[in-house]
A.B. asks: 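Below is a structure I'd like to ask you about.
In this text the structure is predicted, and so the values were computed from the model without any measurement.
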Amino acid sequence: QVQLVESGGGLVQAGGSLRLSCAASGRTFSTVAMGWFRQAPGTEREFVAAISWSGRNTYYADSVKGRFTISRDNAKNTVYLQMNSLKPEDTAVYYCAADGDGSSWYAPSYYYGMDYWGKGTLVTVSS
């Protein structure tokens, strides 16, 4: 059974940092893209960041560009999201996602084709 388990969320003051981790199990994702999405209360889920299987290509939403960094460790089947200079508007549940068959793709403002999703970790940024 494939599982994506996020960790690292919590409460932080504006300007602070958090590092999210997503550990995958049940199959290897070392040959496909993985990413992060988020959903704030009353809003639709939005794309945050994605990374290609090799790590050479990364994609970011404009709202987090320059503040967030996505990375991965294929040996550990894990993807990370380093979040710096956090703002109250970053408050959301953050979800890890993974491509199941290599068919995902990036378009402006979104990353399509993710097949597996974690249950999310809550990030709260206080002002």
A.B. asks: If we only count heavy atoms from C-beta on, is the Trp36 to Phe68 side-chain gap below 4.5 Å?
C.D. replies: no
A.B. asks: Answer with yes or no after comparing the ring centroid distance for Phe37 and Trp117 against a 6.0 Å cut-off, counting only values under it.
C.D. replies: yes
A.B. asks: Looking only at the aromatic ring of each residue, does the gap between the centers of Trp105 and Tyr112 stay below 6.0 angstrom?
C.D. replies: yes
A.B. asks: Taking all non-hydrogen atoms of both residues into account, name the closest pair between Gly9 and Val123 and its distance.
C.D. replies: CA-CG2, 4.1 Å
A.B. asks: Under 3.5 Å, is there a donor-acceptor pair between the Ser104 and Asp99 side chains?
C.D. replies: yes
A.B. asks: Tell me, please, whether Tyr80 has Arg19 positioned over its six-membered ring: NZ or CZ under 6.0 Å from the ring centre and within 45 degrees of its axis?
C.D. replies: yes
A.B. asks: Would you check, one step at a time, whether the test side chain to side chain contact (heavy atoms under 4.5 Å, CB included) holds for Val79 with Ile70?
C.D. replies: CA-CA 7 Å; Val79 65; Ile70 188 170; 3.9 Å; yes
A.B. asks: Quick one about Asp73 and Thr78 (side-chain donor to acceptor, distance below 3.5 Å, no hydrogens or angles considered), yes or no?
C.D. replies: no
A.B. asks: Less than 6.0 Å separating the ring centroids of Tyr59 and Tyr111?
C.D. replies: yes
A.B. asks: Checking side chain to side chain contact (heavy atoms under 4.5 Å, CB included) for the pair Arg27/Val32: CA distance, chi angles, key distance, verdict?
C.D. replies: CA-CA 11 Å; Arg27 60 158 280 183; Val32 293; 4.2 Å; yes
A.B. asks: Taking the side chain as everything from C-beta on, heavy atoms only, tell me whether Val12 gets closer than 4.5 Å to Met83.
C.D. replies: no
A.B. asks: Which atoms form the tightest heavy-atom contact between Ile51 and Arg72, and what is the distance?
C.D. replies: O-NH1, 3.6 Å
A.B. asks: Taking the basic N atoms (NZ, or NE/NH1/NH2) and the acidic carboxylate oxygens, is any pair closer than 4.0 Å for Lys87 and Asp90?
C.D. replies: no
A.B. asks: Can you name the nearest heavy-atom pair linking Met34 to Cys96, along with the distance?
C.D. replies: CE-SG, 4.1 Å
A.B. asks: Tell me, do Tyr110 and Arg45 make a side-chain contact under 4.5 Å, heavy atoms counted?
C.D. replies: yes
A.B. asks: So, for Pro88 and Ser127, which heavy atoms are closest and what is the spacing to 0.1 Å?
C.D. replies: CG-CB, 3.8 Å
